[in-house]
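Single-structure report; data block below.
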Amino acid sequence: MKLFTHHEFDHHEQVVFCHDKASGLKAIIAIHNTHRGPALGGCRMYPYASDAEALTDVLRLSRGMTYKSAIANLPLGGGKSVIIGDPRHDKTPALIRAMGQAVERLGGRYIVAEDSGTGVANMQLIGEVTPHVSGIAEKFDAEGNPRSGDPSPMTARGTFVGIRAAVRHRLGREGLEGVRVAIQGVGNVGHHLAQQLHDAGARLWVCDINRAAVQRLVDELGASAVANEAIYDQEVDVFAPCALGAILNDQTIPRLRACIVAGSANNQLAEKQHGLALMKRGILYAPDYVINAGGVIDVCYERSAGDQELIVQKVDAIGDTLEEIFDRAERQRQPTDAVADRLAEERFA
Ligand code: NAD
């Protein structure tokens with residue numbers, strides 16, 4: 001297994017392999033860059049087929065966090081951690097506490113938060129052994145109702161303002177009344193997003209491998225249910241991927257009928273070249289790590305005891321950042337993802 005010559009290494013500052021015999025913890029913490037501040041990033045638990053697969057994942061995700069925090073102008077660097085194991089069978093309180101101790105040993109260079117396979121309850125347990133954890137504070141929504149440390153409502157809000165910015169830029173329309181949006185995946189983020197789009201007057205087409213989640217939106221919002229494979233072919237204005245990565249690829253891009261792609265999913269482009277492929281088809285792409293930064297903004301300001309108003313203001317600024325990227329991309333005739341990367345690099349250099 002390569003490390004310094006690994007194709008995803010990209011000048012990581014620190015990579016830590018963590019093991020605890022008693023609990024069976026096997027984890028990797030990757031710290032990509034701390035120029036802007038401590039490296040914040042989620043802890044993913046997944047039954048990786050090999051150590052090499054886990055390493056590739058953590059390096060790629062941690063680098064992505066540097067770009068995401070920098071473009072969102074947060075005082076944070078980029079890092080990520082992975083626990084090798086099946087969250088359904090292998091996750092025990094002892095293992096989670098051992099992970100917290102591994103984070104504690106880094107003395108605050110890495111701040112852990114939830115990711116797939118871990119949740120708020122796990123972060124609360126980690127909070128018993130280290131202060132370097134986020135996504136656990138008691139919070140209140142815009143109506144003053146308590147909400148958990150779950151960042152997905154803010155991710156959905158950021159995605160919503162991002163879609164509004166893209167529609168303004170590409171279609172020259174203020175507001176979303178009558179705008180047609182196809183959402184792939186209506187889980188935590190997709191469901192909140194659907195609600196906000198509906199409230200703004202958009203028309204919705206939705207798919208999910210979880211049929212009950214789709215049915216709920218059909219019943220509650222009058223959304224149209226679409227078969228999973230058919231989501232790319234919908235005659236809509238916006239395609240909003242909110243489920244999986246790598247869904248923008250050689251097979252799907254030629255099928256898209258939307259003129260905007262703007263959704264919360266991470267790593268939407270299967271390969272770098274697909275940003276250019278979208279541009280060539282005249283499809284405006286809202287780079288994933290820019291539009292889906294609402295969650296990390298939420299988690300960041302939770303740590304500095306930011307109030308709800310400040311968080312909302314910072315999340316809504318995602319719309320301004322996207323407009324800057326869209327304008328630059330148009331002027332420079334460059335794909336939006338390449339322009340976003342350069343803007344982020346300017347901010348963390
Ligand atoms: P989630 O697991 O709650 O929702 C994902 C949904 O996608 C699920 O309902 C799942 O059934 C569905 N799905 C999976 N495979 C599918 C397929 N092939 N076709 C259609 N639907 C499918 O996750 P989430 O928290 O809502 O996150 C959604 C996306 O946004 C993920 O890519 C995540 O990495 C990204 N993201 C989330 C946050 C956050 O705050 N939750 C922040 C940044 C990025």
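Without hydrogens or angle criteria, T92 side chain to L95 main chain gives a donor-acceptor distance under 3.5 Å. A donor-acceptor pair under 3.5 Å links the side-chain atoms of T118 to the main chain of D115, judged by distance alone. Judged by distance alone, the side chain of N33 and the main-chain N or O of G77 form no donor-acceptor pair under 3.5 Å. The backbone N or O of L59 lies less than 3.5 Å from no partner atom in the side chain of H6, so there is not a single donor-acceptor pair. Side-chain atoms of K91 come within 3.5 Å of backbone N or O of G117 as a donor-acceptor pair. Here the side chain of R281 pairs a donor or acceptor atom with the backbone of L256 at under 3.5 angstrom. A donor-acceptor pair is defined here as one N or O able to donate and one able to accept, closer than 3.5 Å; such a pair exists between the side chain of Y110 and the backbone of G41. In terms of modelled atom types and a separation under 3.5 Å, the side chain of E114 and the main chain of M123 share no donor-acceptor contact. D208 places a side-chain N or O within donor-acceptor distance of the main-chain N or O of V186, the cut-off being under 3.5 Å. In this structure a side-chain-to-backbone donor-acceptor pair under 3.5 Å is missing from Q234 to A258.
Remark: K272 NZ is packed, more than 12 non-hydrogen atoms of other residues, nucleotides or ligands lying under 6.0 Å away. Counting non-hydrogen atoms of other residues, nucleotides and ligands closer than 6.0 Å to NE2 of H11 gives a total of 12 or fewer. The local environment of CD in E309 is sparse, with at most 12 non-hydrogen atoms from other residues, nucleotides or ligands closer than 6.0 Å. In R44, the CZ atom is crowded: over 12 heavy atoms of neighbouring residues, nucleotides or ligands sit closer than 6.0 Å.
Proximity of R36 to P75: side-chain heavy atoms (C-beta onward) are nowhere separated by under 4.5 Å. The shortest side-chain heavy-atom distance between V214 and V226 does not fall under the 4.5 Å cut-off. The side-chain heavy atoms of L278 and P335, taken from C-beta on, include no pair separated by under 4.5 Å. Side-chain contact between P47 and I84: absent, with no pair of heavy atoms (C-beta onward) separated by less than 4.5 Å. Side-chain atoms of V315 and V312, non-hydrogen and from C-beta on, never get closer than 4.5 Å to each other. Taking 4.5 Å as the limit, every side-chain heavy atom of P153 sits out of range of all side-chain heavy atoms of V189. With contacts defined as side-chain heavy-atom distances shorter than 4.5 Å, the pair I28/C18 does not qualify. Taking the side chain as every heavy atom from C-beta outward, E53 and Y46 approach each other to under 4.5 Å.
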**Request:** Test E128 against R97 for salt bridge (charged side-chain N to carboxylate O under 4.0 Å, His left out), laying out the working first.
**Result:** CA-CA 8 Å; E128 291 176 13; R97 291 177 77 89; 2.9 Å; yes
**Prompt:** Which is it for Q184 and Y232 under the side chain to side chain donor-acceptor pair (under 3.5 Å) test, yes or no, and what are the steps along the way?
**Reply:** CA-CA 9 Å; Q184 180 184 47; Y232 306 104; 3.0 Å; yes
**Item:** Candidate pair D57 and Y48, rule side chain to side chain donor-acceptor pair (under 3.5 Å), full reasoning
**Value:** CA-CA 9 Å; D57 206 31; Y48 293 100; 2.6 Å; yes
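The distance from atom CD1 of I318 to atom CZ of R164, rounded to the nearest 0.5 Å, is 11.5 Å. Distance check, rounded to the nearest 0.5 Å: CD of Q313 to CD1 of I297 gives 11.0 Å. T66 contributes atom OG1, which lies 10.5 Å from atom CD of E345 (distance to the nearest 0.5 angstrom). Annotation: the span from M99 atom CE to L125 atom CG amounts to 12.5 Å, rounded to 0.5 Å. Note that CG of D237 is 11.0 Å distant from CD1 of I163, once rounded to the nearest 0.5 Å. Of the inter-residue distances, the one linking D341 atom CG with Q334 atom CD reads 11.0 Å to the nearest 0.5 angstrom.
Between R168 and E174, at least one side-chain N (NZ, or NE/NH1/NH2) sits under 4.0 Å from a carboxylate O, which counts as a salt bridge. A salt bridge between R157 and D316 is present, with a side-chain N of the basic residue lying under 4.0 Å from a carboxylate O of the acidic one. In summary, E346 and R342 do not engage in a salt bridge, as defined by a charged side-chain N under 4.0 Å from a carboxylate O.
Checked against the 6.0 Å centroid criterion, the rings of H35 and F348 do not qualify as a close aromatic pair.
When P151, S69, S134 are each tested for a side-chain contact (heavy atoms from CB on, under 4.5 Å) with V296, only one passes: S69.
Between H169 and F326, the two ring planes are tilted [angle within 30° to 60°].
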